[in-house]
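Here's the structure we're looking at; comments come further down.
The shown structure was predicted, so the numbers you read here are calculated from the model rather than taken from an experiment. Remember, it's 1-based here, ligands and their atoms both numbered in the order they're listed. Numbers for residues simply follow the sequence, beginning at 1.
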Amino acid sequence: MRWYDVVMQSILLGAAGALECTPSVIQAALPSNASVNFAYRVKANETFQVPQGDTGYPTNPTALPSLCAVSVQVQSIGNTTYGFGLFLPDDWNGRFLAVGNGGFAGGINWLDMAPGSRYGFATMSTDTGHNSSSSDGTWAANQPDKVENWGHLALHGSTVNAKLVTASYYESDISYNYYSGCSTGGRQGLKEAEAYPDDFDGILAGAPAWWTSHLQPWTVKVALYNLPSTASYHIPFSLFSAIGAEVLKQCDPQDGLVDNIISDPIGCNFRPEELLCGANVTDSTAAGCLTSPQISTLYKIYTDSIGENQTFLFPHLYPGSEGQWFLLSGDSPNPLGTHYVQYFLGLGGNWSFYDFNEDIQRLADELQPGNATVGYDLSAYHAKGGKILSYHGMSDGLIPTGTLPWFYNNVDRTLTPRGIDVDSFFRFFLVPGMGHCSGTTSSFNAPWYFAGANQSPVLGNSVYGVPGFRDEKHDALLALVAWVENATAPDAVIGTKYVNDATHDAVQRQRPLCMYPKVAKYKGEGDVDAADSWECKGLY
Ligand SMILES: *[C@@H]1O[C@H](CO)[C@@H](O)[C@H](O)[C@H]1NC(C)=O
Ligand SMILES: *[C@@H]1O[C@H](CO)[C@@H](O)[C@H](O)[C@H]1NC(C)=O
Ligand SMILES: *[C@@H]1O[C@H](CO)[C@@H](O)[C@H](O)[C@H]1NC(C)=O
Ligand SMILES: *[C@@H]1O[C@H](CO)[C@@H](O)[C@H](O)[C@H]1NC(C)=O
Ligand SMILES: *[C@@H]1O[C@H](CO)[C@@H](O)[C@H](O)[C@H]1NC(C)=O
Ligand SMILES: *[C@@H]1O[C@H](CO)[C@@H](O)[C@H](O)[C@H]1NC(C)=O
Ligand SMILES: *[C@@H]1O[C@H](CO)[C@@H](O)[C@H](O)[C@H]1NC(C)=O
Ligand SMILES: *[C@@H]1O[C@H](CO)[C@@H](O)[C@H](O)[C@H]1NC(C)=O
Ligand SMILES: *[C@@H]1O[C@H](CO)[C@@H](O)[C@H](O)[C@H]1NC(C)=O
């Protein structure tokens, strides 16, 4: 060690020894409109007890590194408040990380903070200003201030305050600021880039629910394609797997390699008529085939939502998403759609989803509750030097995969004419066979894991990063860090599939996930399950 390394280390050790984790020390870092709920030490390998009432995220994170756990309440607009949680690990890497929420939830996401603290980030999550499960929007009734907190105010304000606490606690400036979130969390990240460009240097945004004013009404509309369940055109849940199997049969070879993974769902020329029942079938559900009216429903599901005057309203679900058709099963639309119309748009709890029409869409466009929808002008974030790495699963059944290319292409159309090279600060990749934010069906066994937002807890309680592959080639968060700090822009992130999705088991497959508009192509020789048998190529 050189002499200054020795000095630096002793200073750091000295500082670490002095880290004081008490409410009064944390309070001293905060403005008067923010007050500490608690601050206490968690020892190495301990479990953090999530406080009572955190409806959105009740799961206790386990196997934590030694850290200071903090909770703060902040006064917001009107008569509202929001809270945030902060894990300050003793073994700090000098950086700050905020993690996102999901759906309409309601709560500090302590579980997703845990992986961040294992890397060494000071890691924060906001409760967005209310307690609720992810599909419960009743709290929004006549509460525009709360909706504004959920839309953008709570994450921004929590970030500003948590950074103050972090710098004061470690008695050091934060080197870089990051964000990681999926679904609503992805939307929160893109909203930050648009509205609060100074908050983060790098943003990891998975399956972003960025088009709130269209996604939520579409959630009602897509369900109505398959309702009421007594209609002749209704496709029962039990037939979804037969549809998925036929899609796989037709679309897997069409992408150029038979490997049980649909890599080019948009290029697949799917013919639903292969599923038609024969003349001798009396019970189509039992026979696993579809009637002509049911085939019509399939066409609607796989077709973009178009409004009056050929206005594009929303992209369709990709073929290959059938294993996640939660929005299409049951007797009513998902509350993520219905509650939005009832409580965010103000039509009230008695509004019936059967009254859905395009006026609802127009109302959403006009009201933009909470200003939650993200706009296309990300020029301020580009000007500040920020970086966005985004991704979306091709088998996502909750948010259509096409929403991300649509967003990116519109950012492109907004910024390229102004001389801004979008790829220089905003890149994204689509993940063949991955569902909403994480996971894959057993018929695909697609390599879906890359330490994206919300992914680590799926593999296990103490997981962070990509076990066995802790580098920026396999770990999307580290790829973002390398891009921000070393200017190494990623061309691909390698996805990993562990056998049984358990990290102590072997690696089943790895494959590059290429930055749009490139796609991964098999080189024609070598193990198809090895990443280096693949290359990123242009679509055409
Ligand atoms: C952490 O705790 C678990 C369960 O309490 C225990 O099995 C494990 O050995 C501990 N690990 C370390 C590194 O102390
Ligand atoms: C809270 O206090 C800070 C510092 O005085 C101020 O910048 C911020 O606007 C305040 N927030 C609210 C919601 O009043
Ligand atoms: C503010 O909220 C508190 C707690 O919910 C409530 O008691 C009080 O009446 C509210 N004040 C106003 C002006 O709405
Ligand atoms: C959520 O509930 C807990 C426990 O009841 C409470 O302490 C907290 O203030 C609530 N958060 C919000 C934003 O209402
Ligand atoms: C919504 O956000 C955009 C982008 O930050 C901003 O320009 C606009 O003024 C906001 N509108 C409202 C009503 O807050
Ligand atoms: C029903 O018809 C199809 C062809 O239309 C035939 O393949 C199948 O064997 C028939 N099934 C029965 C039970 O007769
Ligand atoms: C569709 O076009 C007609 C005729 O130009 C216009 O009156 C109407 O407002 C348009 N509707 C929408 C939703 O733009
Ligand atoms: C909803 O309908 C019920 C029954 O008709 C009625 O009693 C209630 O007042 C209605 N609620 C609202 C908010 O309109
Ligand atoms: C940046 O590059 C240097 C030299 O290759 C390397 O040692 C360092 O780990 C990199 N840092 C990050 C954050 O990727």
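Remark: distances from the non-hydrogen atoms of Glu472 to ligand 9 are all 4.0 Å or more.
Both cation-pi conditions hold for Arg470 and Tyr464: the charged atom is under 6.0 angstrom from the six-membered ring centre and inside a 45 degree cone around its axis.
Remark: Tyr225 engages no residue in a ring-ring contact (aromatic ring centres under 6.0 Å, His included) (not counting sequence neighbours).
Distance check, rounded to the nearest 0.5 Å: OG1 of Thr55 to CG of Asp127 gives 10.5 Å.
Under the side-chain contact (heavy atoms from CB on, under 4.5 Å) rule, Phe121 has a single partner from Ile174, Val99, Val481, which is Val481. Screening Phe407, Phe429, Tyr408, Trp406 for a ring pair (Phe, Tyr, Trp, His ring centres under 6.0 Å) with Tyr516, the sole residue that qualifies is Tyr408.
Listed by number with element, the atoms of ligand 9 under 4.0 angstrom from any heavy atom of Ala482 are 14 (O). Shown in contact with Glu485 at under 4.0 Å from a heavy atom are these atoms of ligand 9, numbered in order with element: 13 (C). Near Val481, meaning under 4.0 Å from one of its heavy atoms, ligand 9 places the atoms 13 (C).
Of the possible polar contacts, one joining the Thr184 side chain to the Gly103 backbone as a donor-acceptor pair under 3.5 Å is found. Under a 3.5 Å cut-off, the side chain of Tyr391 and the backbone N or O of Leu204 do not form any donor-acceptor pair.
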For ligand 7, what N or O to protein N or O distances fall under 3.5 Å?
unit_1   : atom_1 : unit_2 : atom_2 : d
ligand 7 : 2 (O)  : Asn309 : OD1    : 3.2
ligand 7 : 2 (O)  : Asn309 : ND2    : 2.2
ligand 7 : 11 (N) : Glu308 : OE1    : 3.2
ligand 7 : 11 (N) : Asn309 : ND2    : 2.9
ligand 7 : 14 (O) : Asn309 : ND2    : 3.4

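Side-chain N/O atoms of Tyr449 and Ser438 include no donor and acceptor closer than 3.5 Å.
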